[in-house]
Structure formats: structure tokens, C-alpha cells
Amino acid sequence: MSKVKFLWSSEEISNRAEEYWGQALDIASRTTLARVKKCCQIMGRDEDSLTAAQILYPLMQCTDIFFLKADICQLGVDQRKVNMLARDYCDAAGRKLKPVILSHHM
């Protein structure tokens with residue numbers, strides 16, 4: 001465990017806000033609204049009544065994966081659509097290394 005580094009996302013975002021929001025906007029610009037809405041189902045929301053905050057949330061989750069430079073993305077099975085959004089973003093952005101997804105029941 002000597003090579004494992006635990007980060008507080010909120011602290012990292014505060015320290016590098018410009019980089020974080022630049023990444024978030026890049027993900028948003030390469031993703032259709034319909035694709036983002038598919039991820040919003042994890043919040044148990046009807047996609048016809050989503051607020052702007054509920055649409056931004058999956059984009060921010062996706063941004064966290066890249067911003068924190070996670071080699072392995074470990075989230076619950078209910079988050080798999082956001083994980084797949086991250087992998088789709090890699091295709092759209094021409095990134096060769098896609099995050100490894102480890103999904104589990106929490």
C-alpha cells in the first residue's frame with residue numbers, strides 16, 4: 001500500500017479549479033444531452049423533469065475519473081452508466097488509455 005495515494009476530490013478541485021472545469025467542459029462538449037440523460041437514471045429521476053444540476057452531476061462524476069488520474073475506477077453497479085460515459089469520452093477525445101472499471105454491489 002506504500003504506492004497507493006488517497007485524494008480528497010474536493011481539495012483537488014479547489015486547488016486546480018481551472019483544470020477541473022476545463023476537463024468538465026471538454027467532456028460536456030463531446031457528449032450529447034441524450035447520452036448524459038441515460039446516466040441520470042441512476043438518481044431515480046424521470047429524464048423529462050431533470051434540473052440542470054442533475055444533468056451536470058454525471059459529467060462531474062466522469063470528470064473526477066480523469067481529473068484524479070484514477071487507474072481503476074471502483075464504483076457501485078448503479079454507477080456503471082457513468083463509467084461507460086467515461087469510456088465513451090475516451091473514444092470521442094482520441095484517448096488510448098481508458099479507465100479500468102471495477103463495479104460491485106455496495
Side-chain angles (χ1 to χ4, degrees):
M1 295 276 297
S2 64
K3 295 185 179 186
V4 174
K5 185 176 181 181
F6 292 93
L7 302 173
W8 287 100
S9 184
S10 59
E11 190 174 302
E12 293 296 313
I13 292 168
S14 293
N15 291 337
R16 299 172 17 231
E18 188 173 317
E19 180 184 345
Y20 179 85
W21 288 108
Q23 177 77 61
L25 289 173
D26 188 57
I27 292 169
S29 71
R30 296 173 190 268
T31 308
T32 66
L33 183 56
R35 180 66 183 88
V36 174
K37 283 182 172 183
K38 288 180 184 179
C39 297
C40 293
Q41 296 167 351
I42 62 175
M43 297 179 283
R45 303 285 185 209
D46 176 29
E47 60 183 58
D48 292 330
S49 62
L50 294 170
T51 66
Q54 291 166 326
I55 291 170
L56 284 173
Y57 183 66
L59 295 169
M60 292 173 68
Q61 286 181 296
C62 184
T63 302
D64 287 347
I65 294 168
F66 299 104
F67 182 72
L68 297 174
K69 296 177 176 67
D71 295 321
I72 299 173
C73 184
Q74 179 178 323
L75 294 171
V77 173
D78 61 321
Q79 303 290 308
R80 69 189 174 279
K81 291 182 181 179
V82 170
N83 289 329
M84 293 313 298
L85 176 65
R87 293 179 63 82
D88 290 347
Y89 167 72
C90 289
D91 291 336
R95 289 179 147 222
K96 292 182 180 179
L97 295 177
K98 295 181 180 182
V100 174
I101 308 301
L102 177 61
S103 298
H104 54 83
H105 294 284
M106 297 186 90

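Any value given below was found using the heavy atoms of this structure, including those in side chains, with hydrogens, waters and symmetry copies removed.
Under the 4.5 Å side-chain criterion, counting only non-hydrogen atoms from C-beta, Ile55 is in contact with Leu33. Between Arg30 and Arg35, the closest side-chain pair of non-hydrogen atoms is not below 4.5 Å.
Salt bridge status for Lys98 with Asp91: present, with a side-chain N to carboxylate O gap under 4.0 Å.
Here the NZ-NZ distance, from Lys37 to Lys81, works out to 14.0 Å after rounding to the nearest 0.5 Å. Taking CG of Leu102 as the start and CG of Asn83 as the end, the distance is 9.5 Å to the nearest 0.5 Å. Distance check, rounded to the nearest 0.5 Å: CD1 of Ile101 to CZ of Arg87 gives 6.0 Å. Atoms CG and CD, on Leu68 and Gln23 in that order, are 10.5 Å from each other to the nearest 0.5 Å. Note that CG of Leu56 is 9.5 Å distant from SG of Cys40, once rounded to the nearest 0.5 Å.
The minimum heavy-atom distance linking Ser49 with Gln54 is given by the pair O-OE1, 4.0 Å. When all heavy atoms of Phe66 and Ala86 are compared, the pair lying nearest together is CZ-O, 3.4 Å.
Within the structure, the side-chain hydrogen bond (donor to acceptor under 3.5 Å, both in side chains) test picks out the following pairs touching residues 6-15 (sequence neighbours left out): Glu12-Arg16.
Using modelled atom types, one side-chain atom of Tyr20 and one backbone atom of Met60 make a donor-acceptor pair closer than 3.5 Å.
The number of heavy atoms from other shown groups lying within 6.0 Å of CG (Leu97) does not exceed 12.
None of Thr63, Ile27, Leu59, Ile65 except one satisfies the side-chain contact (heavy atoms from CB on, under 4.5 Å) rule with Tyr89; the exception is Ile27.
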